[in-house]
Amino acid sequence: MTCRIALLFGALFFALPSTARNTELRKTTSRVPPVLAPNCRYVQIPLGNISADNVDFRRTRRNVDFNSPKDVTKFFSSCLDPQMYEDPDDNTTKLIVERNVTIHGILCRPERPVAAQDRRIHLMVHDATYDKSMWHGLGILEYSLADALASGLGGSYTLAIDLWGHGDSHGPTYPDPWQVLQPPFHVEVLHELAVRLRTNQHGLWMAFKNVTYVGHGFGAQLGSYLIEDFPNDVDAFVGTGLPTGSKMTPRPSEWMFAPAHSTDPKYQDQPLGYFTGAVTSFLDRRNILYGGIYDDDLAVLDFLSQDTITGGEACWSGSYLSSEWLGSAFSFKGQACIVAGEYDRIACADGPECKERVRGVCSKVFPDASSCKSNVLGSTGHAWMLHRIGVKLANSVRSASALGGSWGNLCSVIS
């Protein structure tokens with residue numbers, strides 16, 4: 001563990017049980033900017049007006065008082081429980097939403113010049129309650145997979161983004177957490193971004209010949225929707241931390257999340273419907289996201305710097321957590337790579353059977369893919385990029401020139 005983290009967070013375990021101290025620690029943590037490698041920089045990509053067919057939750061859930069913190073927290077928690085969720089497409093009213101969107105991200109360039117015809121980019125999309133810093137080790141460079149992919153011998157551009165409504169991607173006011181921030185809207189944003197990456201209409205002053213989508217957890221869920229609706233948007237799909245049919249244990253408890261505006265000072269301007277970890281939920285979060293070999297200090301930093309998840313996002317996640325998505329066969333013809341952690345309580349809750357389940361995703365969901373490989377990472381939990389294997393993987397990518405940025409091959413070598 002780096003000196004920076006040890007000095008800042010080495011003693012924080014003694015402070016976590018205190019609500020007052022935890023709140024102040026979160027406020028302090030929000031002021032610590034992620035450390036970027038020299039070849040990386042912050043970017044903004046204006047996408048213009050984006051429209052989508054969402055679900056009108058406020059109209060269809062008349063038994064929920066959306067102005068009541070108690071009511072919305074209970075409804076939110078039920079959405080995350082695979083045994084209680086209601087499919088948002090069942091008996092609901094559609095709502096067309098349109099917003100002007102600018103996406104914020106971190107762009108990393110290869111250290112060696114790349115010819116225009118060889119330019120590749122990895123579009124990296126974070127999990128729920130994270131932002132773009134997830135792919136940059138929360139600011140700890142040795143964990144930065146995004147930097148490793150760019151600086152390696154087979155270097156590729158990487159663009160780790162903040163989903164709309166998260167991190168820095170929110171505009172002057174935060175989008176409606178129930179009506180706007182839902183997967184259909186996110187997918188339309190990702191579709192527009194993927195198209196622009198190929199055509200040099202994004203403000204990055206270059207077009208990319210090859211686009212690889214890398215998503216984790218909720219980001220992988222959105223990626224699967226993207227390649228189902230727009231199978232030609234990307235050349236390769238990397239999905240990590242996806243449910244594979246095992247029973248999620250432990251399930252998120254009703255007291256694990258709380259309204260963000262009243263929990264974390266940096267979210268005080270967010271409307272009711274944005275949720276983040278309750279001030280006493282450190283152990284819950286660690287138990288679900290971590291397992292195997294990891295640094296305790298990084299798990300603390302993860303908890304203190306966490307982002308949010310909205311009600312509209314949560315109420316589309318129940319079907320994924322119950323693995324209903326495995327019933328779909330995509331027409332995607334590119335490369336696919338499915339990865340899970342050995343102790344991932346979302347993807348691999350059934351332990352020894354996990355490898356077979358992860359392998360089964362290829363045959364069930366990607367029958368037409370040019371190649372589909374899978375891997376279960378040993379000694380790691382759901383947030384594998386923030387475990388010690390994340391450092392091992394980053395180092396392997398930096399030195400593996402033969403991989404040439406191909407996650408199809410990378411799937412078989414990270415272990």
Side-chain angles (χ1 to χ4, degrees), residues 1 5 8-10 12-19 21-30 32 73 76-77 79-82 126-131 133-135 137-140 143 166-167 216-221 240-241 243 248-267 270 274-311 313-314 317 320-321 340-349 380-388 390:
M1 176 53 61
I5 285 296
L8 285 173
F9 302 102
L12 293 189
F13 281 107
F14 298 102
L16 284 172
S18 165
T19 298
R21 290 181 180 178
N22 195 337
T23 300
E24 183 58 33
L25 284 168
R26 283 184 167 184
K27 185 176 181 180
T28 302
T29 303
S30 69
V32 181
T73 301
F76 170 88
S77 299
C79 287
L80 286 178
D81 189 334
H126 58 82
D127 198 359
T129 74
Y130 289 93
D131 60 18
S133 68
M134 187 193 77
W135 297 109
L138 304 182
I140 310 305
Y143 285 88
H166 299 282
H216 177 67
F218 182 64
Q221 174 185 344
T240 77
M248 181 181 175
T249 57
R251 298 194 303 273
S253 60
E254 186 171 332
W255 54 86
M256 182 175 173
F257 290 97
H261 73 276
S262 60
T263 303
D264 193 324
K266 61 179 174 285
Y267 299 128
Q270 292 186 342
Y274 285 80
F275 290 84
T276 192
V279 293
T280 57
S281 64
F282 169 70
L283 293 179
D284 282 324
R285 183 176 178 88
R286 188 184 66 178
N287 289 342
I288 289 177
L289 301 180
Y290 287 81
I293 303 173
Y294 60 92
D295 289 314
D296 286 337
D297 289 340
L298 194 58
V300 175
L301 176 59
D302 179 335
F303 174 74
L304 294 174
S305 60
Q306 67 184 282
D307 198 82
T308 59
I309 177 174
T310 72
E313 293 164 344
S317 296
Y320 244 76
L321 294 175
E342 179 183 7
Y343 302 117
D344 186 331
R345 291 174 174 83
I346 296 174
C348 283
T380 189
H382 181 70
W384 57 269
M385 68 293 296
L386 301 176
H387 288 60
R388 291 307 298 175

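Predicted model, so just to flag it, every value in this text is computed and none were measured.
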Report task. Please tell me if the side chains of Phe303 and Ser281 come closer than 4.5 Å, counting only heavy atoms from C-beta onward. Result -> yes

Query raised in the report: Is any side-chain heavy atom of Tyr294 less than 4.5 Å from a side-chain heavy atom of Asp302?
Result: no

Query - Partners passing side chain to side chain donor-acceptor pair (under 3.5 Å) against Asp127 (at least two apart in sequence or in another chain) - result: His382

Report task. Could you verify whether a donor N or O on one side chain and an acceptor N or O on the other, from Tyr143 and Asp295, lie under 3.5 Å apart? Result -> yes

Query raised in the report: If you measure from CZ on Phe257 to OG1 on Thr73, what distance do you get to the nearest 0.5 Å?
Result: 11.0 Å

Query - side chain to side chain donor-acceptor pair (under 3.5 Å) partners for Tyr274, two or more places apart - result: none

**Report entry** Side-chain donor or acceptor of Arg388 paired with backbone N/O of Thr380 under 3.5 Å
**Finding:** no

Query raised in the report: Ala128 and Ile309: which non-hydrogen atoms are nearest, and at how many Å?
Result: CB-CD1, 3.8 Å

Query raised in the report: Taking the side chain as C-beta and beyond, is there a heavy-atom pair between Phe275 and Leu80 under 4.5 Å?
Result: no

Query raised in the report: Hey, is the main chain of Ala347 close enough, under 3.5 Å, to the side chain of Asp344 for a donor-acceptor pair?
Result: yes

Query raised in the report: His166: what forms a side chain to side chain donor-acceptor pair (under 3.5 Å) with it, not counting sequence neighbours?
Result: Asp307, Thr308, Glu313

Report summary line: Note: Gly381 and His387 closest approach over all heavy atoms is N-NE2, 3.1 Å

Report summary line: Minimal heavy-atom distance between Ala340 and Cys348, with the atoms involved, is CB-SG, 3.7 Å

Report task. State the CG-CE distance between Leu283 and Met256, to the nearest 0.5 angstrom. Result -> 10.5 Å

Query raised in the report: Does any N or O in the side chain of Glu342 come within less than 3.5 Å of the main-chain N or O of Gly292, such that one atom is a donor and the other an acceptor?
Result: no

